[in-house]
Amino acid sequence: MIFDPTLAVVETRKVFAGEGPGTRAIFYLLSLATLVTFFAGVGLRLRKYYAGRPAAEGRFWRPSRKGEVQDVTTKPGLGAGLMKVATNKTVRRDKPSVGLAHLAVFWGFIGLFLATSILSLDYDIVRNFSRFFLGREYSFYHGPFYLAYNAVFNLAGVAAILGTAHLMGRRAAHKEPQLDYTRAFKPEAGYSRRQFRQGDWLFLWGLMTLFITGFLIQGLRIDEAHFPTFERWTWMGYLVGLAWHGVGVSAGLAAHIHPWIWWFHVLLALGFVAYIPFSKAMHMVTSPANLIVNDPANTRRLPQVPNGHSGYTELADFTPKERLAFDACTKCGRCHQVCPARTAGAPLSPRDLILDLRQWVDRQNHIPALLDREDRPDQSGPLAGETTLAGSVIASRTLWSCTTCMACVEVCPVGIEHVPTIVQMRRSLVDAGDMDPTLQSALQNIAQQGNSFGKSARMRARWTKGLDFTIPDARKEPVEFLWFVGDYASFDDRLQNLSRSVAKILHQAGVSFGILYDGERNAGNDVRRAGEEGLYEMLVEHNMAALSSANFESIFTTDPHSYNTLRNEYPAYGLEKPVRHYSELLTDLVLSGRIPVKALNKTVTYHDPCYLARYNRVMDAPRALIEALGCQLVEMPRNRTGSFCCGAGGGRIWMDDSFLEERPSENRMKEAVALGVDVFTVACPKDFAMFSDAVKTVGQEGKMVVTDIIQLLEEAFDTDRAMAMSVAQPQADGADANPGEGVSSEQGPQ
Amino acid sequence: MRIVVAMRQLADLVEELEVDDSGTDIDREFVKFVSNEWDEAALEEALLIKEQSGAEIVAVALDEPDVDQTLYTAIAKGADKAVKLTGLEEGWVSTHSRAKAIASWLGDQQWDLLLTGVQAADDLDGQLAGILAAQLQVPHAAVVVSAQTEGSSVKVSQELGGGTIVEETIALPAVLGIQTARQAPRYAPITRIRQAMQSGGLEEASVAGDLAEGRPTVRRLYPPEKTGHAEMLTGSASDVADKIIELLRAKGLVKS
Amino acid sequence: MASDVLVVAERSGGQFGDITFELLGKAKEIASALGGKAGVVLLGDTSGVDALGAADVVYTIDDPSLSNYNPEATEASLIGLLRQVEPRLLLMGTSTYGLDWGGALSVAWDAQLASYVVGLSLEGSDIIATSQLYGGKLFAEAVLDGERGIVTAIGGSFPAEAGRTGGSPEIVATSATASAGKVTFGAIKEPDKSGVDITSADLLVSVGRGIGSQDNLELVQELADALGSPLSASRPIIDQGWLPKPQQVGKSGQKVKPKAYLSFGISGAPEHLEGMRNADLIISCNTDENAPIFDVAHYGTTVDLFDLVPELAEKLGQ
Ligand SMILES: Cc1cc2nc3c(=O)[nH]c(=O)nc-3n(C[C@H](O)[C@H](O)[C@H](O)COP(=O)(O)OP(=O)(O)OC[C@H]3O[C@@H](n4cnc5c(N)ncnc54)[C@H](O)[C@@H]3O)c2cc1C
Ligand code: SF4
Ligand code: SF4
């Protein structure tokens, strides 16, 4: 129950030393009321969760993972979840000092909670039961146990105090944007989040006061008892006792003050417990629970449309996991900090989104929130009554701002999955036709021609015309690799050159590969993320038909977006072949010597595409390739899974971005420019387009070159050796399936 | 209020159009057919009327390639019914023939207002609205940019050249050729189109007639020769800009 | 066989549009080859009749029912006149007039109809009409071999000069034919001309759907400012509400004839060309080398407008 390491006798102490039976009765009554309030609050929340729509048919918390090819992150589950909780791994990540402080508070609090529970076990249960049933009172709260108990839990208390102090200091001193509650979407009539700030401080000061008064009481008790030697095990309490003594509190005076502080401590503790389920403190329960039911696959492979709806339209659509996730948010603001939409000045902050949904869902469920809600003069947003969810509770502009870059999901310390929820709401926007006209025409084009360019489907492979060889049609002849080219690489004039380069290099390396020609359609990754699920399914059906008529061993893509959906989502529709990214394929070919290269001696930086690095953890291959080409890689501050989005994802490439204060791609380009390198390497056709533009808009044209890894490779390509190789070893055996690992000795500058 | 929206399929102008062996028609074999964009505006205007004052909307079209898609899309957007008129030969249907087919179907229908697109890219022998109205002997108006029903009449705005708008009131039944709807045609989510397909709501009615009635004989169809093609300015953006400024300067349009 | 050719005059604000003279010129050519007369039909009052000197006959139907635009009343009177005169050919513009009345007249008067005509000639007794179909992608040569024909022609296809010659035509006043009265005129609304006047400018910078979004308009506006010219646009830009209606060039917008017309991201749909093809100098920027605008432009470039426009603005700003 409550932390109360107060009183003691010889190698033990008397519990309730100074308090009479009346006081005890009051204490127990208050405790009971506290517990009732606490469990009532928890009950309300549980009821809210259990009223949710099951995550999938027959699955309450998590959809089944059947049909997934590979896992790129830890498998979800109780064990993995508990590990994350116990180590505070997700809290420590990116912010080690905050994480450590939190770890201290976390374990300190658990320690103190355990201490109280053990005491209660001894006093209320063991002693009472033994007296009642055995006629004699037993207790384990003495002797060595007592000493160890005090020593250990003193440590917990000190850790908790230090941790809390650090967190308070940070909050007070650092004006980090993530701790600022300014909204990204500004409601017309204004808003106030004063309560959030008050709630935070109440929580911190409440904890701090609890911890400190605990030690004060302990000190008084030891002072009262004239500092028995064995109490030195209660090291912190002993020191506090000495301090009491030092400031002139005699044993008698201590006995006098003791009950006052004790009552203060007890009332505070009881109040705190009762307050938990209605406040920020609830995260102590909901966050770990959320980390346990969290499944990192949910964002990589989007959930189904809720039954009977085309997207989220009402309260009943939220799954238990989502409802829990809303409660789990600690307002840490990390997602707010990394979100490219928020950074660019778009009216979206993933934090605000979650908080708005929490407040709205709680209001619909009549769950009171103490100092944990936003106030508005009107009934808009989260204060709205039963209304359309998407477009009203959450503004459509907000929902359309998301690039589905997944940065928020990646950094969220408590395992919230913002993206699937956003897409679910977008689905209902699409259903209502509430979208950018440009997105509408892109979707129309995709529906009609299978590509967003509105070009004839038959023109898809026209880019191959410029090649002096013919790429096999995988539907007509068997190939080892099927190249799923993608819209941008097929239709965008600038990118067609890159596609031809890829084809030429693979051809020269004697790789057996083919394409689907006009059988290919937009893979649908971004269509799905824009919320057009029906169109996505149509595209999948079409592509699956083409794929199943083709003969190949594995697929590779140049586009990380297509890569994601082919790899993570198509299996559910029957795709069984492995999917790779060209960066992986090229790396293999270079490292195994099948593509001979010369050292380039360039200094470059590399941009991790969201859908490659964060979504699919392909981060080493492009780096290995860059190095194998003799380039020195200078990392950008935001790299690998912490990469910053170019702004094109989730269908944003089809939407107007001129309202942004600064496009994400420009922000990113500036980051690269600051490194002092002049080559910006990408491994994604859309990135090439986005950053080639950004170079211009940030005025770096001519100073910074945007280059695709294939262009680097083309430049490094060793024609002489290739000639020699093709003489020595005709292309016939070029079909050796997975090129060996490692670099042959004479290979590239390593 | 029962509003009929006459829709049609048309060769997708995105595609490269080729002339067939006869030299008098496009090669229909490989071309992709899509809904006529002005008919989509007509449908949108009908939907707006329905939303404003209630109406039953029937989309009707001749059986032309991929017409099902267009009709199901109309249902997905809010049309109550869609009818496919079968029985005509495949090919380049003249507007007069098309009008006749629709008129014969309308004969045993109850309807108040018929909306259709102001034009189609191949309606050589004239635009549907006027022809159909004359055949049915009802009033009509074309190049309509707004239609709102008021009891047994419809208030329309027609656009004359130069942006001048004429407003008039037309007694129903009437036929209107829609130029633009009051708002851009809405998006039909594929899920809804598929739902419409699954519930299989297309009605069929057979009509008779020949293809080219009323159309002057086409003796040659050909891509325009690229005569007088512009002289192309090439080079970097900066080079091109210099050349353009030079040209303007020669005309005395740029000072100094 | 009949040998007269009739032209329906288009008049707004007492002024005839160029189309009337273009058609009249053509009518004269064909009528004289057929040995018939070139006539003009003047609906409503007779103002401006003096400008029609090139015609052989002017049929006036001076009736208040025709003084306002009304398809029903006009068609009734036109049919009345056609039955009376029985010409070989009736010429109109593929304007609102032609799009609105052409089809109905062809049914009521039982005539062959050719729309979107850009070329017209006589072969024996056959009228050969060349029409622009499929958005200008294909031309169709059609034979009007019937007794009666109606042609609606795209503005700017024939020289207007031939229809402007002087002369003293015979004026035949006819009376209106009553209609069923199902169409009631309400009001006429002139476009707001208070803003920019693109018709009197020597130089126009014009922008089309290639600009992508409203915010990008600023780019082109800067260029227009640098050149001291007004900004005009193709229809989609106006439809989106990005620029006011009076700034639209084309069939349903303004017809312009500046000394130079600079277009950016305009494909050159026939309706647009109609409004600007007579400019003295046309320079067009369009990334699609096959865009039809290049067929009327004197100079063209496929440089991306987003590269070219800032470059131009900058160079001019210096
Ligand atoms: C009765 C009627 C009246 C009409 N009246 C008019 C009228 O008065 N005026 C009018 O304009 N239209 C009119 N229209 C519409 C007309 O048919 C066309 O739809 C319209 O003109 C097309 O406008 P656009 O060229 O701007 O757009 P689009 O046809 O979409 O062309 C955009 C062009 O921009 C190019 N482009 C794209 N990006 C770039 C870039 N970055 N750099 C350079 N180029 C780029 C593309 O290649 C494309 O060719 C009328 C239609 C009807 C039926
Ligand atoms: S996915 Fe990216 S853009 Fe979307 S809310 Fe999360 S961080 Fe922001
Ligand atoms: S959603 Fe996660 S990352 Fe964002 S504020 Fe809440 S707890 Fe922090």
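Keep in mind that this is a model prediction, so the values were computed, not measured. Computed from heavy atoms alone, side chains included, the values below leave out hydrogens, waters and symmetry copies. So that the names make sense, note that chain A is the first sequence line, chain B the second, and so on, each numbered from 1.
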To the nearest 0.5 Å, how far apart are CD in A:Glu537 and CD1 in B:Ile190? 11.0 Å

Does atom [atom1] of [X] have more than 12 heavy-atom neighbours from other groups under 6.0 Å away?
{"X": "A:Glu314", "atom1": "CD", "answer": "yes"}
{"X": "B:Glu51", "atom1": "CD", "answer": "yes"}
{"X": "A:Arg53", "atom1": "CZ", "answer": "yes"}
{"X": "B:Gln52", "atom1": "CD", "answer": "yes"}
{"X": "B:Lys155", "atom1": "NZ", "answer": "no"}

Toward chain A, the part of B:Gln195 with a non-hydrogen atom under 4.5 Å: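 When you check distances to chain A, no heavy atom of B:Gln195 falls under 4.5 Å.
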
Between A:Gln440 and B:Arg186, the two heavy atoms sitting closest are NE2-C, 3.5 Å

Please report the shortest heavy-atom distance between A:Val430 and B:Pro189, naming the atom on each side. O-CG, 3.6 Å

Give a yes or no on whether the backbone of [Y] and the side-chain of [X] come within a donor-acceptor separation of less than 3.5 Å.
{"X": "A:Arg458", "Y": "B:Phe30", "result": "yes"}
{"X": "A:Gln444", "Y": "B:Tyr187", "result": "no"}
{"X": "B:Lys32", "Y": "A:Gln448", "result": "yes"}

Answer yes or no: is there an ion pair linking B:Arg192 with A:Glu533, defined by an N-O contact shorter than 4.0 Å? no

Please determine whether side-chain hydrogen bond (donor to acceptor under 3.5 Å, both in side chains) holds for the pair B:Asp12 and A:Gln449, giving the CA-CA distance in whole Å, both sets of side-chain angles, and the decisive distance to 0.1 Å. CA-CA 10 Å; B:Asp12 191 351; A:Gln449 277 93 23; 2.5 Å; yes

Where does A:Glu532 contact chain B at under 4.5 Å (heavy atoms): side chain, backbone, both or neither? side chain

